[in-house]
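Note sheet for the following structure.
What you are looking at is a predicted structure, and each value in this text was computed from that prediction instead of being measured. Convention: sequence-line order gives letters A, B, ...; per-chain numbering from 1.
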Amino acid sequence: MSLTRTVTDRAAAAVDVSRAARSSKVAGLVMAALAVLLAGLPFLVFADVTDTMVNLFVLVALASMWNLLAGFGGLVSVGQQAYIGIGAYSVIAFADLGVQPYLAIGLAAVTCAVFAVPTSWLAFRLRGDYFAVGTWVIAEVYRLLVVRVSSLGGASGKSLTGLSGLDQTLRGALTYWVALGLALASIAGCYLLLRGRLGLSLMAVRDEETAASSAGIDVRRAKLLVYLVSAVGCGAAGGVITVSSLSVNPDAIFSVQWSAYMIFIVVIGGIGFIEGPLLGALVFFALQQLLADYGSWYLIVLGAIGIAAALWLPRGLWGLVRDRTGMSLFPVGYFVRMRESDAGTR
Amino acid sequence: MDLLNALLQGLLIGGLYALFATGLSLMFGVMRIVNLAHGDLAVVASFLALALVSGTGLPLWVVLLVTVPLFALLGYLTQRVLLQKSLKSGPLATLLVTFGLSIVLQNVLLETFSADTRTLDGGSFTTGSFEITDSISIGYLSLTTFVLAAIVLTGIQLFLSRTGLGRMLRASSDDPETANLVGGDSRHIYGIATAIAFATVALAGLMFAMRSSFDPSIGPSRLIFAFEAVVIGGLGSLWGTLLGGMILGVTQAIGSEIDPALTLLAGHLIFLAVLAFRPQGLIAGRKS
């Protein structure tokens, strides 16, 4: 006992353990300023810019949710479009019942949580790669079921009601703020969730499930929680997509393309880093704008970059930045530094 | 009688599903790779055959004899160049690489051949049939496909159980390190497994193309059929895959008998039911 104490005390005296990287506090201020600037954007620029930004925010939110699921929970899903679709259709359905569409986004998120509970029961029976394809089948089932409901417009989709009374400029700005709020909330949500006890459990489960479970972590509960949060986030994103496009089409909203976007954004940006989806979304967005005139070539380039990243850069661009600079905007691990040399490593 | 006919047609198409699923099952069994580009590869084979038929005017069976070996070679190269590398980078990497491949293939096809729906014209062979009773008739193509599937599956089974290379393949699947110790080169063996998988995918892709229309985006839904056949039958069992394919085919046929729009949904639902009540599949094979 006393020997252990001596050893740990000596070890603790030699190092500093802290959450924050040296850059974290400065970066926090910069990001807060950036958020304020982004919030004011509808007053500064034309509506076509903010409309484009809505897409970026949706991608950031979706990618953050996939990163939480796969990068921290170890649940590699190719079927999160199920919740994007359910969220989108929930907004349509609630709007038909007379709920204000912007408020319906919140209800859509709750609806997704309700659907996610029984879905997880089925999906969790599959592991690893088979979980991936299993979630995809489940998303297909949801699409095929939605198409059969004629009050939701069947195979041809449906328009959103309840926004026609709003002035177009105001509607654009509101949609922009909701999308910005969603993106910020998903990043903040991931950050807060992962800083806490759950974050530790999740990372332990991801790295070695059996060991984590023998250390007293309720693996199933941790995975379920992360799956529910991801479903809620994707559902809200689906809702934002609907209020932004004012209509929904079952084939487009339940398309596996959403999963492709999420996965490649996260892989290119850096899986397992909260900063990854942000950086990846920016790269994706730039690529999309750059190759806009060349049809679906941006997807070919994206797929090729995704393959290359998976093979040669498994920690993505942010992993590269972090290795070079030690920078961490959202530190969820701990930095351990030697007192004398002040050499920072995680 | 309609139900009996549906049952028979379902069983026959089940053979095609099984043939198609074999590659997926083999690649997972040997290398633990779930090839998400599986369906797209079949579509690539369909388009390749279409281009060859319209470009050179060769008869379809010659095109088939060219396409299948070509895909086997392609499979060997894909494994050695792309997938082998991803195997070292962890389980997520293989999934990402095959998913990336799927997206790339789909969009290259889209850019090359446009989004139009195509069919591979096999002449009178694909439309002809013989009648058993007044309400039951069997298409030549369906029957040929089924027989072909049975022959290929039996061939793979014999290859795995009787030949030295097949034994090595099974050994690598169980424990690659030990297989390497006793003289197997796992990279070469993995290449062979992928070559077989790609060849069966090409064959299945051509059969699909003669039966029904296809377009560049249909790959993922084909992949789902194969995946369902594998899971329903039980992971790691070749005959389980055949059974799974037949159950999927019959369920879809019965579903479409009730309402044509139910075809796909019925297949998915039987898959989910198996997942819920018998997650190890109907014929439990090796533990994965």
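- The distance from atom CG of B:Leu264 to atom CD of A:Glu140, rounded to the nearest 0.5 Å, is 8.0 Å.
- With rounding to the nearest 0.5 angstrom, the CG atom of B:Leu96 is 6.5 Å from the CD1 atom of A:Ile263.
- Interface residue B:Asp259: only side-chain heavy atoms are found under 4.5 Å from chain A.
- If you take CD1 on B:Ile103 and CD on A:Gln257, they are separated by 6.0 Å, rounding to the nearest 0.5 Å.
- Ranked by heavy-atom pairs under 4.5 Å with chain A, the list B:Ile33, B:Leu269, B:Asn107, B:Val34 is led by B:Asn107.
- The most heavy-atom pairs under 4.5 Å with chain B, out of A:Val141, A:Leu144, A:Leu122, A:Val133, come from A:Val133.
- In terms of heavy-atom pairs under 4.5 Å with chain B, the best-connected choice from A:Gly74, A:Ala308, A:Gly303 is A:Gly303.
- Neither the backbone nor the side chain of B:Ser102 comes within contact range of chain A; no heavy atom of the residue lies under 4.5 Å from a heavy atom of that chain.
- In this structure, chain A has a heavy atom under 4.5 Å from the side chain of B:Leu110, while its backbone stays farther away.
- Interface residue A:Trp297: backbone and side-chain heavy atoms are both found under 4.5 Å from chain B.
- For A:Leu302, no part lies under 4.5 angstrom from a heavy atom of chain B.
- Using a 4.5 Å heavy-atom cutoff, the side chains of A:Ile300 and B:Glu111 are in contact.
- The heavy-atom pair separating A:Ala132 from B:Leu95 by the smallest distance is CB-CD2, 4.0 Å.
- Of the inter-residue distances, the one linking B:His268 atom NE2 with A:Leu145 atom CG reads 9.5 Å to the nearest 0.5 angstrom.
- Atom-to-atom distance recorded for B:Leu275:CG and A:Trp121:CH2 is 8.5 Å, nearest 0.5 angstrom.
- Of the atoms belonging to A:Val301, not a single heavy atom falls under 4.5 Å from chain B.
- Counting heavy-atom pairs closer than 4.5 Å to chain B, the top residue among A:Ala155, A:Gly306, A:Ala260 is A:Ala260.
- Across all their heavy atoms, A:Val137 and B:Glu228 have their closest contact at CG1-OE2, 3.3 Å.
- Between B:Leu272 and A:Ile138, the shortest heavy-atom contact is CD2-CG1, 3.9 Å.
- Heavy atoms closer than 4.5 Å to chain A are found in both the backbone and the side chain of B:Phe99.
- Side-chain contact check for A:Leu299 versus B:Gln106: every heavy-atom pair is 4.5 Å or farther apart.
- Only the side chain of A:Phe264 comes within less than 4.5 Å of a heavy atom of chain B; its backbone N, CA, C and O stay farther away.
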List the steps and the verdict of side-chain contact (heavy atoms from CB on, under 4.5 Å) for B:Leu82 and A:Leu311.
CA-CA 8 Å; B:Leu82 210 58; A:Leu311 288 180; 4.0 Å; yes

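- Nearest heavy-atom pair, A:Ala310 versus B:Ala93, reported as atom, atom and distance to 0.1 Å: O-CB, 4.0 Å.
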